[in-house]
Structures are given as structure tokens and as C-alpha cells.
Amino acid sequence: MLTPIVDEDGAPFWGYARRGELRVQACADCGELRFPPRPCCPHCRSFDTEWRRLTGQGRIWSYVLPHPPLLPDYAEQSPYNVVLVELTDAPRIRLVGNVVSEPGARLDSVPPERIRIGARVQVVFTDTGLPQWILERP
């Protein structure tokens with residue numbers, strides 16, 4: 001399985017994620033949320049940051065079903081989904097992950113026909129802090 005490459009700016013994101021919290025970097029001066037994390041606010045140029053907790057709710061903005069698998073280690077789980085999720089409480093932020101049946105489930109645990117643009121999802125995390133998504137029930 002993939003493991004995140006952690007740099008100094010993104011380390012807090014991954015630390016919170018390993019604890020099951022979705023937090024994104026915000027400018028402590030102007031309040032603008034930003035992802036991916038970076039040292040300077042692109043809006044006001046401040047270097048003061050804080051980490052804001054979000055609900056983890058979102059909607060599938062886009063998705064793909066890789067055929068053949070892009071990474072050989074994932075061949076036995078093909079076809080699987082890769083989704084881009086627009087966060088409800090930060091719509092300009094989109095996170096990549098997979099829709100799964102439960103936290104830590106195989107990437108093929110949700111049938112491809114259940115994945116659709118606009119579907120509501122909730123974030124969950126693997127043990128290593130990778131975001132995954134579960135479909136919200138109507």
C-alpha cells in the first residue's frame with residue numbers, strides 16, 4: 001500500500017490524519033484555508049498558520065477506474081476507484097482517495113457502479129493516515 005511522503009509543511013496534516021482528524025492549514029492572519037500545506041499564505045503573504053478541523057464531509061467531484069492498474073501492487077484489487085472529493089466546508093479544497101466499504105477495506109470493496117459524481121461521502125483514515133471515503137447513506 002502507498003504511504004505518504006511527509007515534508008515539514010505537511011507533517012501536521014499527516015499527524016492529525018493518523019489520529020482520525022481531517023485538518024487543513026489556514027492562515028492565522030486572513031483565515032484563508034489552503035491545501036496542500038505551504039509556509040506562506042498565497043493571499044496575504046503571512047507566514048502565521050493554524051490547523052482547522054473540518055467535518056470530513058464532501059462530494060465526489062471526479063473519479064477514475066484505472067484499467068489496467070497503474071501500480072502493479074494493486075493488480076489484484078482491480079478495478080478500483082480513485083476519487084477527487086470536494087470538501088463541504090472548504091469547497092476550494094479537493095482531496096484524493098478511494099471510496100471503500102469501511103475504514104481500511106480493500107480498494108475494490110465498493111462496486112464501481114456505486115461511484116458517481118456528486119455522491120456524498122465522509123472521510124475515514126487508514127492506520128497510516130491515508131484518507132479514504134465512505135458513501136453517506138441517503
Side-chain angles (χ1 to χ4, degrees):
M1 294 302 273
L2 292 175
T3 55
I5 297 174
V6 180
D7 63 11
E8 184 179 337
D9 295 321
F13 173 85
W14 297 110
Y16 289 119
R18 280 190 301 278
R19 294 194 302 245
E21 295 180 24
L22 178 61
R23 291 186 184 245
V24 296
Q25 191 181 51
C27 177
D29 288 334
C30 75
E32 189 70 29
L33 298 175
R34 60 184 186 255
F35 192 87
R38 47 194 170 267
C40 179
C41 177
H43 300 280
C44 74
R45 310 254 190 260
S46 172
F47 284 89
D48 294 329
T49 64
E50 58 190 19
W51 288 86
R52 295 221 186 118
R53 188 170 188 168
L54 302 180
T55 64
Q57 296 174 328
R59 67 177 191 90
I60 296 175
W61 192 80
S62 186
Y63 72 96
V64 296
L65 301 169
H67 292 280
L70 298 176
L71 301 170
D73 291 347
Y74 293 86
E76 72 176 51
Q77 297 185 64
S78 179
Y80 55 90
N81 64 79
V82 179
V83 296
L84 185 60
V85 173
E86 177 183 78
L87 300 177
T88 300
D89 41 4
R92 292 191 314 182
I93 294 178
R94 297 185 182 119
L95 298 178
V96 175
N98 309 96
V99 174
V100 293
S101 60
E102 61 186 16
R106 288 174 48 100
L107 302 184
D108 62 353
S109 63
V110 173
E113 60 272 10
R114 292 204 50 217
I115 309 299
R116 63 176 176 75
I117 291 174
R120 299 270 172 214
V121 291
Q122 176 67 46
V123 74
V124 294
F125 296 95
T126 66
D127 293 341
T128 61
L130 285 175
Q132 294 182 316
W133 304 90
I134 54 173
L135 292 168
E136 289 187 357
R137 303 285 183 232

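Just so it is clear, the structure is predicted and the values come from calculations on it, not from any experiment.
- Atom CZ of R45 sits in a sparse spot, with 12 or fewer heavy atoms from other residues, nucleotides or ligands closer than 6.0 Å.
- We find the CD-CZ distance between E136 and R59 to be 13.0 Å, quoted to the nearest 0.5 Å.
- The two residues A11 and V6 come nearest to each other via the heavy atoms CA-CG1, 3.5 Å.
- Atom OG of S109 and atom CZ of R114 lie 9.5 Å apart (nearest 0.5 Å).
- Side-chain contact between N81 and P112 is absent, with no heavy-atom pair separated by less than 4.5 Å.
- Here the shortest heavy-atom pairing between P37 and Q25 reads CA-OE1, 3.2 Å.
- Here the side chains of P36 and F13 are not in contact, with every heavy-atom distance at 4.5 Å or above.
- Under the side chain to side chain donor-acceptor pair (under 3.5 Å) criterion, R38 pairs with no residue, sequence neighbours left out.
- Summarising the geometry, atom CG belonging to L54 is positioned 10.0 Å from atom OG1 belonging to T88; distances are rounded to the nearest 0.5 Å.
- Under the 4.5 Å side-chain criterion, counting only non-hydrogen atoms from C-beta, F125 is not in contact with P103.
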Verdict with supporting geometry, R34 and H43, side chain to side chain contact (heavy atoms under 4.5 Å, CB included): CA-CA 10 Å; R34 60 184 186 255; H43 300 280; over 6 Å; no
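- Contact detail for D7 and G10: the closest heavy-atom pair is OD1-N, 2.7 Å.
- Under the 4.5 Å side-chain criterion, counting only non-hydrogen atoms from C-beta, V82 is in contact with N98.
- The shortest distance between side-chain heavy atoms of V96 and V83 does not fall below 4.5 Å.
- Note that the CZ atom of F35 and the CZ atom of R94 stand 13.0 Å from one another [nearest 0.5 Å].
- For the residue pair D108 and Y80, the shortest heavy atom distance occurs at N-CB, 4.4 Å.
- A side chain to side chain contact (heavy atoms under 4.5 Å, CB included) with I134 is found for exactly one of V100, V123, V121, V110, namely V100.
- Contact annotation: the side chain of L107 approaches that of Q132 to within less than 4.5 Å [non-hydrogen atoms, C-beta and beyond].
- In this structure, the side chain of Q122 engages the main chain of T55 through a donor-acceptor pair within 3.5 Å.
- Between G56 and W133 the shortest heavy-atom distance is O-CZ3, 3.4 Å.
- The environment of CH2 in W51 is crowded: more than 12 heavy-atom neighbours from other residues, nucleotides or ligands sit within 6.0 Å.
- Note that CD of E86 is 11.0 Å distant from CG of L95, once rounded to the nearest 0.5 Å.
- Without hydrogens or angle criteria, R23 side chain to G15 main chain gives no donor-acceptor distance under 3.5 Å.
- At a threshold of 4.5 Å between non-hydrogen side-chain atoms, the residues Y16 and L22 do not count as touching.
- Shortest non-hydrogen contact noted between L33 and A90 is CD1-CB, 3.7 Å.
- D48 contributes atom CG, which lies 5.0 Å from atom CG of D29 (distance to the nearest 0.5 angstrom).
- At least one side-chain heavy atom of C44 sits under 4.5 Å from a side-chain heavy atom of C27.
- When atom types are taken as modelled, the side chain of S62 and the backbone of L84 share no donor-acceptor pair closer than 3.5 angstrom.
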